[in-house]
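Computed from heavy atoms alone, side chains included, the values below leave out hydrogens, waters and symmetry copies.
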Amino acid sequence: MNQPCETVVVGAGVVGLSIAIALQQRGRQVTLLDRSRPGEGASFGNAGFLATELNDPLATPDTLKAAPLLWANPRGPVSLPLAHWPQITPWLWRFVKAASPRQVQVGQQGLRALNQSALGAWQRLLRRLDLIDELVPSGYLQVWEAEHAGSQAEQQAEKLAGWGIDSTVLSAAGVAELEPGLNERVRHGLLLPASHQVRDPYHLVQRLFERFMEADGRFQQTQVISVRGGQMAAQAVTEQGAVDAHQLVIACGAWSRQLLKSTGVDVPLQAERGYHLTLPRAGSVLRRPVGSADRHVVMTPMSCGLRVVGMSELGGLDQPPIEQRFDTLRHHASALLADAEPVTQDHTTWMGYRPTLPDSLPVIDQHPQQPSVYAAFGHQHLGLTQAAITSELLAARMTQQDTRIDLTPYRINRF
């Protein structure tokens with residue numbers, strides 16, 4: 001048995017790393033474990049902006065109505081590979097049940113509670129680490145191409161106002177003035193002026209990791225096979241041996257279900273595969289993140305280039321990327337940009353795994369039977385957005401401090 005460390009965090013993505021730093025700032029000695037180098041999972045390839053306006057869960061009555069057409073569209077945003085149907089069917093049934101009006105309301109309240117605190121939490125974290133330059137007050141622009149879609153923009157603005165989020169409806173001319181790099185086929189826009197993005201999510205994680213190591217953090221790149229917990233101690237069993245701790249956090253995204261099962265608890269976590277293109281020579285084509293309401297893609301200017309992100313593919317953890325998805329992103333980016341030439345130039349592609357639960361709420365909780373084990377995963381499309389506030393909440397819970405937000409909606413055993 002090795003000498004126990006104080007706290008082990010399994011998962012070196014933006015959520016796990018933020019938790020590790022938050023615990024360090026409360027005086028804890030932390031060891032970080034991950035099968036890969038820090039930030040090489042979903043944290044590497046996300047859209048790079050804080051989507052604090054996304055307060056609707058993925059499962060709603062409107063989603064269920066639209067799903068068949070979206071799935072049938074070969075260039076649509078939803079994909080359910082037939083080979084994965086036997087594994088995904090139980091999750092889909094839970095997803096349908098989560099679209100009930102009562103559950104949608106619970107989901108909205110839970111997401112809003114995190115999202116309205118997300119920006120402030122990121123500002124506090126980055127200022128303490130002298131990394132505030134990584135966060136950019138960019139604004140966010142949602143666009144529509146259909147001539148008759150003005151009413152949709154108005155309705156969305158009214159909905160956001162109900163949540164206390166300021167927005168401005170724009171005509172085609174207003175969109176063109178803000179974003180001359182967009183194609184003139186864009187007819188309507190909705191500007192969220194208070195939104196923020198990061199310069200590059202992978203670079204952000206690398207700088208967070210540097211600060212973690214500078215504060216006497218420890219990192220071990222190893223596959224964690226199982227987790228054991230008890231009243232006062234926990235253990236991560238890795239391919240290189242056991243790592244003992246007083247407390248342990250499972251925060252490894254789409255792989256969290258497998259580890260949690262080793263403690264006797266199963267949650268309906270699904271790996272939702274997302275795809276991106278990064279166009280290195282097109283970083284200045286747009287001035288801010290732009291999301292297409294029609295095409296369900298987001299384009300974000302970053303220091304590494306223009307990133308085009310989309311697709312929700314429920315395909316599990318084992319299958320390789322499907323090349324057609326990258327073609328779909330190229331098609332949409334070419335249609336949205338005034339000059340499609342950057343899409344045909346050199347670019348990189350990526351596919352990663354979003355950890356998604358049927359009700360779209362993350363788990364932020366203490367293990368119900370093994371008090372030394374904690375969990376933070378399942379943030380679906382909002383891992384970057386909610387990482388800092390999740391770290392504050394879980395670190396407070398682990399150190400017996402006030403969490404400020406009721407954590408009941410995020411409990412492990414709610415399913």
Side-chain angles (χ1 to χ4, degrees), residues 10-11 15-16 19 42 54-61 63-64 67 78 80 84-115 226-229 234 248-273 312-317 353-383 385-387 389-390 393-394 397-398 403 405-415:
V10 183
V15 173
I19 291 169
L54 293 184
N55 297 317
D56 281 326
L58 300 177
T60 67
T63 300
L64 297 186
V78 177
L80 302 175
H84 195 59
W85 267 96
Q87 293 81 14
I88 194 63
T89 300
W91 186 92
L92 288 174
W93 175 239
R94 290 180 178 270
F95 185 82
V96 170
K97 293 200 296 183
S100 70
R102 180 181 177 280
Q103 187 57 52
V104 169
Q105 184 179 28
V106 171
Q108 289 174 331
Q109 292 170 347
L111 291 172
R112 181 61 183 145
L114 297 176
N115 286 344
S226 65
V227 166
R228 302 168 185 168
L248 182 146
V249 181
I250 298 173
C252 48
W255 285 266
S256 297
R257 180 181 185 180
Q258 298 170 1
L259 287 189
L260 196 59
K261 283 181 72 174
S262 69
T263 72
V265 174
D266 192 15
V267 295
L269 184 71
Q270 180 62 215
E272 181 193 346
R273 292 145 55 105
S312 293
E313 182 179 83
L314 298 172
L317 291 167
Y353 305 94
R354 305 183 188 105
T356 302
L357 290 157
D359 61 1
S360 298
L361 294 175
V363 165
I364 307 172
D365 199 6
Q366 185 177 28
H367 195 288
Q369 287 88 41
Q370 301 178 17
S372 60
V373 175
Y374 293 78
F377 59 81
H379 295 79
Q380 35 100 18
H381 297 239
L382 297 172
T385 301
Q386 297 173 352
I389 186 60
T390 295
L393 294 171
L394 193 69
R397 176 76 179 272
M398 294 174 69
T403 62
I405 293 175
D406 180 12
L407 297 185
T408 301
Y410 322 111
R411 65 192 185 279
I412 291 176
N413 57 357
R414 67 184 186 263
F415 299 100

S.K.: Can you sort out the partners of A98 under side chain to side chain contact (heavy atoms under 4.5 Å, CB included), two or more places apart, ordered by chain and number?
M.R.: A59, Q103, D359
S.K.: Would the distance check show the side chain of Q270 and the main-chain N or O of L314 forming a donor-acceptor pair, the cut-off being under 3.5 Å?
M.R.: no
S.K.: Look up atom CG in L54 and atom CZ in R112, then write down how far apart they are to the nearest 0.5 Å.
M.R.: 11.5 Å
S.K.: What's the separation between atom CD in Q386 and atom OH in Y410, rounded to the nearest 0.5 Å?
M.R.: 7.5 Å
S.K.: What I'd like to find out is whether the side chain of L260 reaches to under 4.5 Å of the side chain of H367, using heavy atoms alone.
M.R.: yes
S.K.: Mark yes or no for whether S256, through its side chain, and F377, through its backbone, hold a donor-acceptor pair below 3.5 Å.
M.R.: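 No: the side chain of S256 does not pair with the backbone of F377.
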S.K.: Which heavy atom in L269 sits nearest to a heavy atom in P355, and how many Å separate them?
M.R.: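 Scanning both residues completely, I find the closest heavy atoms to be CD1-C, 3.7 Å.
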S.K.: If we ignore hydrogens and angles and just use 3.5 Å, is the side chain of W91 paired with the main-chain N or O of P268 as donor and acceptor?
M.R.: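 At least one qualifying donor-acceptor pair exists.
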S.K.: Going through the distances and angles, do R273 and R354 end up as a side-chain contact (heavy atoms from CB on, under 4.5 Å)?
M.R.: CA-CA 6 Å; R273 292 145 55 105; R354 305 183 188 105; over 6 Å; no
S.K.: Nearest 0.5 Å, please: how far is OG1 in T263 from CD1 in I250?
M.R.: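 Here the interatomic distance stands at 5.5 Å.
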S.K.: Look up atom OG in S226 and atom CG in L259, then write down how far apart they are to the nearest 0.5 Å.
M.R.: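 Answer for the OG-CG pair, S226 versus L259, is 8.0 Å.
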S.K.: Quick one: are V104 and P57 in side-chain contact, heavy atoms under 4.5 Å?
M.R.: yes
S.K.: Start with the C-alpha gap between V10 and V249, add the side-chain angles, then the distance that decides, and say whether side-chain contact (heavy atoms from CB on, under 4.5 Å) holds.
M.R.: CA-CA 6 Å; V10 183; V249 181; over 6 Å; no
S.K.: Compare all side-chain heavy atoms of Q366 with those of V373 and state whether any distance is below 4.5 angstrom.
M.R.: no
S.K.: For residues A376 and T390, report the shortest heavy-atom separation together with the two atoms involved.
M.R.: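 Shortest heavy-atom contact: CB-CG2, 3.9 Å.
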S.K.: Look at the side chain of D365 and the backbone N and O of I412, then say whether any donor-acceptor pair between them is shorter than 3.5 Å.
M.R.: yes
S.K.: Would you say that L357 contacts R414 through its side chain, given a criterion of any heavy-atom pair below 4.5 Å between the two side chains?
M.R.: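 A side-chain contact under 4.5 Å exists here.
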S.K.: Checking ring-ring contact (aromatic ring centres under 6.0 Å, His included) for the pair Y353/W255: CA distance, chi angles, key distance, verdict?
M.R.: CA-CA 9 Å; Y353 305 94; W255 285 266; 5.4 Å; yes
S.K.: Would you find a donor on one side and an acceptor on the other, under 3.5 Å apart, between the side chain of Y374 and the backbone of A251?
M.R.: no
S.K.: Report yes if some heavy atom in the side chain of P362 is under 4.5 Å from a heavy atom in the side chain of L114; otherwise report no.
M.R.: yes
S.K.: How about E272 and T356: does a side-chain donor come under 3.5 Å of a side-chain acceptor?
M.R.: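 A donor-acceptor contact under 3.5 Å links the two side chains.
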S.K.: Between Q380 and S360, which heavy-atom pair has the shortest distance, and what is it?
M.R.: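 It is NE2-O, 3.0 Å.
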S.K.: Just wondering, do T403 and L394 contact through their side chains at under 4.5 Å, heavy atoms?
M.R.: no
S.K.: Work out which heavy atom in A234 is nearest to a heavy atom in L248; give both atom names and the distance.
M.R.: CB-CB, 3.7 Å
S.K.: Between E313 and H84, do the side chains contain an N or O donor and an N or O acceptor separated by less than 3.5 Å?
M.R.: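 Absent: no donor and acceptor within the cut-off.
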S.K.: Could you tell me the separation between the CG atom of L111 and the OG1 atom of T385, rounded to the nearest 0.5 Å?
M.R.: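 Rounded to the nearest 0.5 Å, the CG-OG1 separation comes to 10.5 Å.
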S.K.: Where the side chain of S262 meets the backbone of V227, is there a donor-acceptor pair that is under 3.5 Å apart?
M.R.: yes
S.K.: Measuring from Q109:CD to L361:CG, what's the distance to the nearest 0.5 Å?
M.R.: 10.0 Å
S.K.: Assess whether atom CZ of R411 is packed by more than 12 heavy atoms of other residues, nucleotides or ligands within 6.0 Å.
M.R.: yes
S.K.: Suppose we screen for side-chain hydrogen bond (donor to acceptor under 3.5 Å, both in side chains). Which residues come up paired with Q108, at least two apart in sequence or across chains?
M.R.: D56
